[in-house]
Each structure stands twice: as structure tokens, then as C-alpha cells.
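Only a predicted model underlies this, so the values are computations on that prediction, with no experimental measurement involved. Here, residue 1 is the first one in the sequence, and each next residue gets the next number.
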Amino acid sequence: MSDLVQKKENKRKPKYNMWQNSGYMILLAWREKEKKVLVLAFLSAILSVASNLINLYVSPVILSKVENKVQISELFITILAFVGLMMLCSAASSYISTNSLYGRIQVRCAIITALSRKAATTSYPNIGDEKFRKLCVEASGATTSNGQATEAIWGTLTNLTKNVLGFTIYMLLLFSLDPFMLIVIVVTTFIGYFVSKYVNEYGYRHREEIAEYENKMWYIDGRAKDYSAAKDIRLFNIRPWLEELGEKAMDAFMAFHKRANGVYFWGRIADIILSFTRNGIAYAYLLNLVLSNGLSSSEFLLYFSAVGGFTSWVSGILGDLSTLHRQSLDISTVRECIEYPEQFKFETGEPLEPNNKKEYEIKLVNVSFRYPESERYTLENINLTLRPKEKLAVVGLNGAGKTTLIKLICGFFDPTDGQVLLNGKDIKGYNRRDYYKMFSAVFQDFSLLAGTIAANIAQTEEDIDMEKVKKCADQAGLLTKIQALPEGFETYLNRRVYENAIMLSGGETQRLMLARALYKDSPIIILDEPTAALDPIAEAELYQKYNEMTLGKSAIYISHRLASTRFCDRIIFIENNHITEEGTHDELLAQGGRYAELFEIQSKYYRDEVDTNEERE
């Protein structure tokens with residue numbers, strides 16, 4: 001067996017047991033002001049036991065009345081009383097069942113909200129942590145419907161309470177019978193419980209394997225539906241490949257469930273055998289009592305029903321415990337996801353309120369960074385200072401570490417070694433969410449939301465400063481495009497949500513992201529390949545506006561076109577994990593190093609573009 005398979009077969013003990021998870025859910029309902037969930041669950045259990053006792057006694061009592069030859073009126077009243085009690089219990093149970101649903105859904109929604117908040121606000125390195133990603137997938141699966149553990153547990157706790165109450169009452173009722181019979185019932189039921197427990201844990205023991213299959217299927221399904229991949233799928237005829245991958249993932253997924261169903265099947269067979277043994281012994285003993293002790297018909301019927309009921313209560317308790325244990329495994333996964341350790345300080349960190357009137361200096365001191373599980377440093381021994389109001393360009397070949405440097409400056413990652421300082425203080429001590437307010441950024445990956453253009457620029461639906469929105473759109477070179485739309489800034493984006501939405505081109509989307517960064521108006525602006533989707537002429541026009549847009553602010557630019565950043569106060573060239581050259585554009589050309597070499601390779605294209613532009617003018 002390979003190491004990977006062996007790892008999957010190993011048991012992973014949950015962090016919390018079922019009693020801790022039950023307590024967690026009870027406290028959560030209390031905190032969410034859904035106390036009625038607890039009250040109604042308890043009342044439902046009492047009504048179920050009461051209904052069961054009514055059904056237990058109705059036949060023996062009526063039979064006893066008949067044996068004693070009571071008057072018809074008394075017999076009629078007795079029957080009527082039992083019918084009335086049964087109707088009352090049934091009506092009350094139906095009312096409680098209907099009204100319990102809403103509170104239970106509310107508690108589950110609170111968990112969904114907590115999971116969403118965790119995913120949206122967790123420390124950035126967790127996003128790339130495979131363990132955290134798998135926990136998120138598994139936790140999400142435990143909240144998708146009413147039948148999942150985060151809601152179904154209330155039904156289990158209700159049934160468990162009902163079965164414990166019924167067990168106690170029936171135990172007292174059967175106390176006069178031979179203890180040996182009760183021991184047989186309890187022992188055989190306990191054995192069945194532990195068999196069921198082992199079987200039900202099969203899915204949890206293999207949950208990483210399940211998550212792997214599901215991740216593959218969801219990824220393939222997502223790629224097939226991804227609009228951005230539509231051209232490649234058609235041009236390169238990728239569809240058969242995707243179908244093949246999808247079939248393989250589905251086959252592996254179904255093969256796993258076939259194995260799992262085999263385990264569940266034999267577990268069920270064992271449970272049937274134990275149930276037959278338990279009930280056979282109990283009924284044989286009861287029949288012996290009837291023949292040897294001369295029990296009356298009503299007593300025989302009462303004890304006969306009570307023995308069966310007692311068996312059901314014991315089986316119910318252990319069955320509920322088994323179900324509760326299985327649900328607890330899912331709830332433990334949910335809690336482990338919500339409580340996943342954070343690498344950064346948030347509320348416990350020092351508060352920070354950016355002020356555009358204040359000068360900020362960011363300094364990297366002997367910074368080295370290596371991605372988790374990587375043996376090679378992406379950046380090594382970086383010493384860099386971003387001075388107040390300075391425009392800094394970061395250039396280098398693809399894979400040199402430019403974007404990683406930006407992520408370190410923005411606080412998405414902490415250095416493996418060294419420090420990132422803000423005005424002389426290590427950023428690790430700050431509330432990281434406050435630290436993020438220091439930056440307005442445009443990254444290569446876009447994050448358009450389903451909403452209006454104005455909302456996407458302002459990143460809010462309320463209290464939008466439309467004058468500021470228009471100014472930022474104008475600075476980003478998008479105002480004319482937006483004003484030409486029938487709905488202007490109220491035009492919706494994302495056709496998956498709005499039928500009348502529009503789709504922006506890659507260049508227009510980048511301009512929209514730039515407008516968003518300008519609207520945020522933070523002290524430091526980060527532009528990571530902000531013109532990658534623009535043609536050289538459009539790029540040149542946009543870069544000419546950068547001095548005006550970043551006036552009075554510090555700014556960092558990443559660009560693969562070296563001539564684009566010549567307006568910057570300073571340029572650093574990254575190669576082989578280090579800053580190898582530093583200076584202005586002219587200074588770097590004069591040094592005759594790698595920057596000058598790469599610029600010379602690109603320069604003929606820039607000259608052609610400039611000549612063409614001049615001819616047009």
C-alpha cells in the first residue's frame with residue numbers, strides 16, 4: 001500500500017466529542033436567541049413519551065374493564081378519554097413540529113454565516129492551506145440542507161431525550177420482572193450500538209478521500225461552466241478531455257461509495273441478528289410467565305407491550321447515540337473550520353487608522369520568504385524602503401517574485417525571516433484588517449461582484465459618493481464608456497445574476513478595478529500589472545495619468561514593460577530571488593546591467609509604437 005493510500009486509511013480523531021458538540025449547538029441556539037428550539041425539543045420529547053404511554057395502556061385498560069364487566073357507559077367514557085388524550089397529544093406534537101423548523105433553520109443559517117465569514121476574513125495564508133480548504137468543503141457539506149448534521153441534530157437530541165424518559169419509565173414498570181431478561185436486552189443492544197458506531201465512522205475515517213473526489217468533480221464541473229475557459233474549450237477541443245476526467249473522477253467516487261455501502265450492509269446484517277436474539281429471549285421469557293404464573297389477559301398484554309417498548313427504548317437510546325456520534329463528527333468538522341488557527345492578529349492587534357495627511361514609510365529588513373512545503377526561497381535577504389510619497393517600480397522576469405514582494409508589503413504573507421516595518425513598527429503587531437486599509441490595489445486577478453458599476457467602484461450599496469465615483473472613473477479612463485451605457489453607473493454587471501447585465505472587456509475591467517482603488521483613497525497605491533490587458537498605446541496613455549492619480553501618495557507599480565515605469569522615482573530589478581539592480585530608468589540604463597539588456601530587447605517595439613502614435617497625431 002502506498003504512503004498516500006496509507007495516509008488516507010489512518011484514523012483522524014475529531015477534536016470534539018459528541019457531548020461537547022451537543023453543548024456547542026445548545027449554546028449556539030441560546031446565543032442566537034432561538035431558545036424556543038430547546039424548549040420545543042423538550043416538549044416534543046415529553047409529548048412523544050406521553051403518547052407512547054397512552055398507547056401502551058389503552059388496550060390493557062379496556063381489556064381489564066371488559067374482564068371486570070363494567071357498565072357500557074364507563075367503558076365508553078374510558079375509550080373516549082383515551083381517544084381525547086391521543087388527539088390532544090397528536091395535535092400538540094404537530095404544532096410543535098411545525099414551529100420547531102424555523103428556529104432550527106435559523107441556527108443552521110448562523111453556522112453558514114460563520115463559515116462564510118471565516119472564509120472571507122481568514123488569514124490570507126490559510127487560503128492556500130490544503131487542510132483548511134478541505135475543512136471548508138467538508139463543513140459546507142454539513143450545512144447544505146435540513147437533513148445535514150447542523151440541523152438534524154435537533155431531531156436526534158429530541159429523540160434521545162424521548163428515549164431516555166421512556167426507558168426510565170419502562171424500567172420502573174418492568175422492575176418486578178426477572179433481571180436476567182433485562183440484562184440480555186441491554187447487553188445485546190449495546191453490542192449492536194458499538195457495531196453501528198464502528199460502521200458509521202467509516203465515512204469520517206475516509207473523509208479526506210471523499211473530499212479529494214468531490215474537489216476533483218467540482219473543479220472539472222466548474223471549468224466546464226467557466227466563461228473564461230469557453231474559447232479554449234472550443235478552440236482546442238478540450239470537451240472530450242474534460243468529459244474523460246469527469247468520468248474518471250465519478251468512477252472513483254462511485255467505487256468508494258460501493259465499498260462504503262458494503263460496510264454498511266454487513267453492519268445492518270449484524271444488527272438484525274442481534275435484534276432477533278434479543279427479542280426472541282425476551283418474548284420467550286414473557287410467555288413462560290404467562291404459562292407458569294397465570295397472568296391475566298390484561299396484564300399479559302401490558303407486559304407484552306412493555307417488553308417490546310422497553311427494547312425499543314434501549315435500541316432507540318443507543319441508535320440515537322450512534323446517530324448523534326455520526327452527526328457530531330460533521331459538527332466537529334464545522335467547528336474545526338470556524339476555529340482554524342489564524343496566523344495574523346485581528347481584533348487583538350494594535351488598531352491602525354490610515355490618514356492621508358500623514359506620511360508613511362514601509363521598510364523590509366532582511367526579508368526572506370519561502371512558500372509552505374517549498375524548499376526554495378522565492379525571495380531572499382530583501383532590504384527595501386518605500387519612502388513617503390515615492391513612486392516605486394518593481395520589474396523583473398516572470399516568476400522572479402514581484403507579486404510575492406507585493407503580498408509581503410500588503411501583509412498577505414508574513415516573512416519567513418526578517419521584518420516588514422510600518423514607520424518603524426513590525427506590522428505583525430497591528431490589527432491586520434486595519435493594516436489592509438493602508439492600501440488601494442489593483443491585482444491581476446479581478447473580483448467583480450454582481451451589482452451596479454457604481455457599487456463595484458464604491459464597494460458598497462449604501463451612501464455612495466457619486467461625484468467621487470465619477471471622478472475616479474474619469475481618472476481611470478472609463479467615464480466615457482460608462483456614460484454611453486443606457487443605465488450609466490446603474491448598469492448591472494454579471495449576467496449570471498442579472499439578465500440585463502453587461503460584460504466588460506479585460507481592459508475595461510482593469511480600468512474599473514483602478515477606479516475602485518482610487519475610490520478607496522488609501523495612503524499607498526499598489527498596481528500589479530495594471531495595464532496587462534491594454535494595448536501599448538492605451539497603456540502609455542494610462543501611465544501618463546499616474547502622476548496625477550497618485551499625487552501625494554506612495555505608489556508601487558509592477559510591469560513587464562520596462563519603458564512603462566520610466567516616470568517612477570525609483571526602479572528595482574528582481575532576479576534570482578534578490579534585488580540585483582536599483583535606480584532611476586536612466587541610471588539603470590547607464591549601468592548596462594540586466595535591466596538595460598532587457599530594455600534593449602524590448603526597445604524596438606516601444607520605438608515602433610511611439611513612431612506609429614506620432615504619425616497618428
Distance (rounded to the nearest 0.5 Å) between Ile238 CD1 and Leu245 CG: 10.5 Å

Would you tell me whether Asn163 and Asp320 have side-chain atoms, one donor and one acceptor, within less than 3.5 Å of each other? yes

Main-chain N/O of Glu244 paired with Glu247 side-chain donor or acceptor, under 3.5 Å: no

Any donor-acceptor pair under 3.5 Å from Asn21 side chain to Asn17 backbone: yes

Ring-face cation of Arg432 near Phe346 (centre distance under 6.0 Å, axis angle within 45°): no

Phe413-Tyr124 aromatic ring centre distance below 6.0 Å: yes

Can a salt bridge be assigned to the pair Arg495 and Glu499 using a cut-off of 4.0 Å between side-chain N and carboxylate O? no

When you check the side-chain N and O atoms of Thr333 and Glu336, is any donor under 3.5 Å from an acceptor? no

So that I can tick it off, tell me whether Asp251 and Lys248 are bridged by a salt bridge, with the cut-off set at under 4.0 angstrom between side-chain N and carboxylate O. no

What do you reckon, are the aromatic ring centroids of Tyr435 and Phe344 less than 6.0 Å apart? no

Hits for side-chain contact (heavy atoms from CB on, under 4.5 Å) against Thr122, two or more places apart or cross-chain, chain-then-number order -> Lys118, Asn126, Ile127, Phe132, Glu342

Please work out which of the three classes, parallel, tilted or perpendicular, describes the rings of Tyr436 and Phe412, given edges at 30° and 60°. tilted

Exam field: side chain Ser374 to backbone Arg370, donor-acceptor pair closer than 3.5 Å: no

May I ask you to decide if Asp465's main-chain N or O and Tyr519's side chain share a donor-acceptor pair within less than 3.5 Å? yes

Is it the case that atom CZ in Phe443 sees more than 12 heavy atoms from other parts of the structure closer than 6.0 Å? yes

Any donor-acceptor pair under 3.5 Å from Gln148 side chain to Ser145 backbone: no

Glu214 versus Tyr219, side-chain donor and acceptor atoms under 3.5 Å: no

Please check this pair: side chain of Glu490 against backbone of Glu487, looking for a donor-acceptor N/O pair closer than 3.5 Å. no

